[in-house]
Enquirer: 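So that we are looking at the same thing, I have put the structure below in structure tokens.
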Amino acid sequence: MHMGTSVLSLRIDGDLLERLRHRAAKRGMSVQDYVVRTLMRDDFDERFEAAVEETERFYGVT
């Protein structure tokens, strides 16, 4: 199910924004793209970890 895109507005500390700008620029990305990719990667990591744990429970691995 594809839900399209939405807008999220946030207020962040100036120092954090500068760090994000620097990290994004090192990768040739906009801050928006960098933040979205970071959130997607974190979401994937959480879902992957949950899938591994579920598989281990199913097979009785500890």
Side-chain angles (χ1 to χ4, degrees):
M1 171 171 66
H2 190 275
M3 299 187 63
T5 61
S6 299
V7 174
L8 171 66
S9 176
L10 13 135
R11 201 178 299 261
I12 62 173
D13 178 83
D15 290 338
L16 174 58
L17 180 57
E18 283 306 310
R19 289 195 305 272
L20 291 173
R21 282 185 179 139
H22 180 72
R23 290 177 184 163
K26 285 174 47 176
R27 290 162 181 78
M29 302 169 73
S30 68
V31 172
Q32 176 179 332
D33 289 342
Y34 177 78
V35 170
V36 169
R37 281 185 158 210
T38 301
L39 292 171
M40 289 171 60
R41 185 175 55 241
D42 185 59
D43 179 60
F44 171 81
D45 290 347
E46 286 182 18
R47 288 183 291 127
F48 182 77
E49 184 177 328
V52 168
E53 289 172 356
E54 185 175 330
T55 301
E56 289 176 345
R57 279 193 303 275
F58 179 78
Y59 288 104
V61 178
T62 56

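Note that the numbering runs from 1 along the sequence shown for the chain.
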Enquirer: If you measure from CG on Leu17 to CZ on Arg21, what distance do you get to the nearest 0.5 Å?
Expert: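 Rounded to the nearest 0.5 Å, the CG-CZ separation comes to 4.0 Å.
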Enquirer: Output all residues satisfying side-chain hydrogen bond (donor to acceptor under 3.5 Å, both in side chains) with Glu53, sequence neighbours left out; order by chain, then residue number.
Expert: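 Expected list: none.
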Enquirer: Out of curiosity, Tyr34 OH to His22 NE2, how far, rounded to the nearest 0.5 Å?
Expert: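 The OH atom of Tyr34 sits 10.0 Å away from the NE2 atom of His22.
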Enquirer: State, to 0.1 Å, how close Ala24 and Ser30 come at their nearest heavy-atom pair, and which atoms those are.
Expert: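 That closest heavy-atom pairing would be CB-O, 3.6 Å.
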Enquirer: Mind checking whether Phe44 and Val52 sit in one hydrophobic cluster, side chains of I, L, V, M, F, W, Y counted as touching below 4.5 Å?
Expert: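 Yes, Phe44 connects to Val52 through the hydrophobic network.
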Enquirer: Going by the rule salt bridge (charged side-chain N to carboxylate O under 4.0 Å, His left out), which residues pair with Asp43 if we only count those two or more places apart in sequence or in a different chain?
Expert: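 Expected list: Arg47.
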Enquirer: Do Leu10 and Val35 have side chains that approach each other closer than 4.5 Å (heavy atoms only, starting at C-beta)?
Expert: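 Not touching, per the 4.5 Å side-chain cut-off.
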Enquirer: Clusters formed by hydrophobic residues whose side-chain heavy atoms approach within less than 4.5 Å: which one holds Val7, and what are its other members?
Expert: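 Other cluster members: none.
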Enquirer: Restricting to salt bridge (charged side-chain N to carboxylate O under 4.0 Å, His left out), what partner residues turn up for Arg23, sequence neighbours left out?
Expert: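 Counting only residues at least two positions away or on another chain, Arg23 forms no salt bridge (charged side-chain N to carboxylate O under 4.0 Å, His left out).
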Enquirer: Please, which pairs that meet salt bridge (charged side-chain N to carboxylate O under 4.0 Å, His left out) have at least one residue in residues 24-35, sequence neighbours excluded?
Expert: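 As it turns out, there is no salt bridge (charged side-chain N to carboxylate O under 4.0 Å, His left out) pair with a partner in residues 24-35 once direct neighbours are skipped.
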Enquirer: Please list, chain by chain and in numerical order, all residues satisfying side-chain hydrogen bond (donor to acceptor under 3.5 Å, both in side chains) with Asp45, sequence neighbours excluded.
Expert: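 Counting only residues at least two positions away or on another chain, Asp45 forms no side-chain hydrogen bond (donor to acceptor under 3.5 Å, both in side chains).
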Enquirer: Between Met40 and Val31, is there a shared hydrophobic cluster once you connect ILVMFWY residues whose side-chain heavy atoms come closer than 4.5 Å?
Expert: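 Shared cluster, no.
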Enquirer: Between Leu20 and Ile12, is the side chain to side chain contact (heavy atoms under 4.5 Å, CB included) condition met? List the steps.
Expert: CA-CA 11 Å; Leu20 291 173; Ile12 62 173; 3.9 Å; yes
